[in-house]
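I have placed the structure first, in the form of structure tokens, so that the comments after it can refer back to it.
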Amino acid sequence: MRHRTHIRDHDSEAAVFGRRVLVAMVIVVAAFIALASNMYHLQVSEHNELQTRSNDNRIKLLPLAPNRGLIYDRNGVLLAENTPIYSLDVTPEEIDNLEQTLSQLQQLLNFPDSTIERFYRNLKNQRRFNNVPLLDELNEKQLAVFAAHQHKYPGISIEARLIRNYPHKELLTHAVGYVAKINRRDVEKLRESGELPNYAASRTIGKLGIERYYEKDLHGEVGYQSVEVNNGGRAVRTLSIEAPKPGHDIVLELDLELQRKAAELLGEQRGSIILMDATTGGILAMVSTPSYDPNWFVNGISTKQYQSLLNSTQSPLLNRITQGAYPPASTIKPQIGLLGLEDGTIEEDTRIWDPGWFEIKGVDRRYRDWLAWGHGWVDVEKAITESCDTFYYDLALKLGVDKISGFMTQFGFGEKTGIDIHEEVPALMPSRGWKRARFGQPWYAGETLSVGIGQSYWTATPMQLAVATAMVANKGEHLIPRLLRGKVQDGVFEEALIAHREKLTLSDSSNWEVITKGMRNVNMSPKGTAHRAFKDAPYSPAGKTGTAQVRSLGQEEEYNAEDIAERYRDNAMYVGYAPADDPKVVVVVAIENSLGGGGSIAAPVARKILDAWHTRFNNGKKQQEETNADD
């Protein structure tokens, strides 16, 4: 069978081809229009935003930590400094297997498992940091070994930085304080106050003492470094630097030599010593023993070290100057005597007979004087000089606890002194209303007698005693104690202002002289309780001794320090000022659980620290006068 031969229709095929070409051209033109439109959108309409995004990917802003301000004593001796160290830092996002890398580094650099545990804690608590420290302070061997193997460890780097150092260690801990690593709680506080951006590059913050109180001044302001990075995130060049602003240097009222002398005098005893400028409130020395090395906290204290401090029976973490609440004992007899005179309950020549005890009518108990056979006829001046308890039992009962409490709050008892550290307690000034609110019980007359000699519920800190003693020395001027002498801002020293509270004004100003005469006789009269300690002093001191009972004695029980457990022994105390006729310095000594009283234990310590003050300041004054004469 023959097949039909088809003849091709060229006109029809040409028409189909032309239509296909037209459709293709339309598609191509539409694609080019869409492409051009998108290019216009990207390069014109969105240029600014995309340029910024591009720079963000190419340019990295690195925060720069400011140098922390230095702390000096009043003579320019450095108390807190910044020293350079090398740390090994980890950037976790640049490491594929963090656990394996840390294990290899441990074998290479020989550090304990606790270091890795601390690293993970820091990684968890400090997420805002790109770099997390693994080893805070590399020794020379570790530095050399890692430098030779650094190419094997991407994401691990050696960083040079400054670290806080306290060259005098435990000598100044309770005054200067310390810095420690920023924790989650610190971050929350900084965020709430709006200061968190300023700590973008900082690893530590003030935690105690001056370091904490003046944190804003000492820290400085963060800076920034703009760097160009490659696609791997590594910096290839620096584009610009906004230098950080260092913190202000701080000068304290403290005198390092007097501080060292005070610590030497306390030795291994638990207690405290304060030397305060009677004209400004400046703290020349404040020692609380035992103490501890603040450098332990700078890079993170170990659990073992911290537990040793926390569980110590010696309570080294306690700042006894401002947190040690003791019965003030007889050290407050000048103020109570002043109240009696001001109130009119007694006069300068009012006398009572002291047989060595006191009785309340209707109460079958004798309240004993420290001198078993009594002081005989006693007026207020003699009662201060010889520290007669019986006189103050009688006076306190006539005054009543509420009148005593109200007057003593004017001397600052029962409230914080306002010293420039946060670690301070108000202690307790009891009253009838306080006891009712606290225990739901009435106040008893016997408790008033105890308050009259600074016992019972009444507690005070050594700093409160210093302020109250200064008020007597200055006839009512109420100075606020301070550690800060001044700040150095832009190379210029700005002295801190002297701060006062409301002055205590008496209706009869001559009452001040009655009280201060008794305090002078405490040291200068042969019967004064501190006469032996201050005999032949090259200055005229005034003061008051005190012996604070730690536990009450039974009616017939006799006290013998050597026969009882140490924790039940009395506290020995002394407060005073010098010179008596022109007060320049106030001294407070408190020694816990001593083998003697205020006159035999605390007063000799006070004499030695006042001698050191007299020698140091009078020699300095004499040298200055000779220099001025030569000029």
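Everything numeric in this text was worked out from a predicted model, so none of it was measured.
Between R185 and E188 there is no salt bridge, since no side-chain N of the basic residue sits under 4.0 Å from a carboxylate O of the acidic one. A salt bridge links D402 with R432: the closest approach of a Lys/Arg side-chain nitrogen to an acidic carboxylate oxygen falls below 4.0 angstrom. Ion pairing between E495 and K487 fails under the 4.0 Å rule for side-chain N and carboxylate O. Electrostatic pairing of K503 and E477 counts as a salt bridge here, judged by a charged N lying under 4.0 Å from a carboxylate O. Taking the charged nitrogens against the carboxylate oxygens, E257 and R616 have no contact shorter than 4.0 Å, which rules out a salt bridge. The pair D277-K584 does not meet the salt-bridge criterion, since no charged nitrogen lies less than 4.0 angstrom from a carboxylate oxygen. A salt bridge links D389 and K333; the closest N-O separation between the charged side-chain nitrogens and carboxylate oxygens is under 4.0 Å. Between D186 and K207 there is a salt bridge, with a side-chain nitrogen of the basic residue lying less than 4.0 Å from a carboxylate oxygen of the acidic one. With salt bridges taken as basic N to acidic carboxylate O contacts below 4.0 Å, one links E211 and R164. The residues E192 and K189 are annotated as not salt-bridged, no charged nitrogen and carboxylate oxygen being separated by less than 4.0 angstrom.
Here the closest non-hydrogen pair linking P294 and T173 is CD-OG1, 3.2 Å. Considering every non-hydrogen atom in both L479 and V467, the closest pair reads O-CG1, 3.9 Å. Contact record, V179 with Y166: N-OH, 3.0 Å, taken as the closest heavy-atom pair. Residue H174 comes nearest to L318 through the heavy atom pair NE2-O, 3.4 Å, listed as atom of the first residue, atom of the second, then distance.
The number of heavy-atom neighbours closer than 6.0 Å to CD of E494, taken from other residues, nucleotides and ligands shown, is above 12. The neighbour count for E415 CD, taken as heavy atoms of other residues, nucleotides or ligands under 6.0 Å away, is above 12.
If you run side chain to side chain contact (heavy atoms under 4.5 Å, CB included) between E423 and each of V425, I421, I419, only I421 comes through. Here the rule is side-chain hydrogen bond (donor to acceptor under 3.5 Å, both in side chains) with N593, and of R270, Q269, R569 only R270 fits it.
Judged purely by distance below 3.5 Å, without hydrogens or angles, the side chains of N523 and Y574 pair a donor atom with an acceptor atom. S431 and S405 share no side-chain donor-acceptor pair at under 3.5 Å. Judged purely by distance below 3.5 Å, without hydrogens or angles, the side chains of N165 and N82 never pair a donor atom with an acceptor atom. No hydrogens or angles considered: a donor-acceptor pair under 3.5 Å links the side chains of Y326 and E592. A side-chain donor from one of H219 and S202 sits under 3.5 Å from a side-chain acceptor of the other. At a cut-off of 3.5 Å, with distance as the only test, a side-chain donor of K544 or S387 sits close to an acceptor on the other residue. Checked by atom type, the side-chain pair Q549/D570 shows no donor-acceptor distance below 3.5 Å. Counting only N and O atoms by type, the side chains of Q323 and T461 include no donor and acceptor under 3.5 Å apart.
Checked against side chain to side chain contact (heavy atoms under 4.5 Å, CB included), K475 has the following partners two or more places apart in sequence or in another chain: W512.
The six-membered or imidazole ring of H248 lies away from that of Y214, with a centre-to-centre distance of 6.0 Å or more. Taking the six-membered ring for Trp and the full ring otherwise, F413 and W458 have centroids separated by under 6.0 Å. Here Y306 and W296 keep their ring centres 6.0 angstrom or further from each other. Checked against a 6.0 Å centroid threshold, the rings of F493 and Y72 do not count as neighbours.
Rounded to the nearest 0.5 angstrom, R482 CZ and L497 CG are separated by 8.0 Å.
Looking at Q464, its side chain does come within 3.5 Å of a backbone N or O of P426 through a donor-acceptor pair. In this structure, N198 contributes its side chain and G220 its backbone to a donor-acceptor pair below 3.5 Å. Under the 3.5 Å distance criterion, the side-chain polar atoms of S525 are left unmatched by any main-chain donor or acceptor of V522.
By the 30° and 60° cut-offs, the orientation of the rings of H614 relative to Y539 is tilted.
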Legend entry - R68 and E215: CA distance, side-chain angles, deciding distance, salt bridge (Lys or Arg N to Asp or Glu O under 4.0 Å) verdict: CA-CA 9 Å; R68 193 171 182 86; E215 170 64 27; 2.6 Å; yes

Inset, instruction - Any chance you could lay out the salt bridge (Lys or Arg N to Asp or Glu O under 4.0 Å) test for K216 and E195, step after step, and finish with the verdict? - result: CA-CA 10 Å; K216 289 184 179 180; E195 299 174 27; 3.4 Å; yes

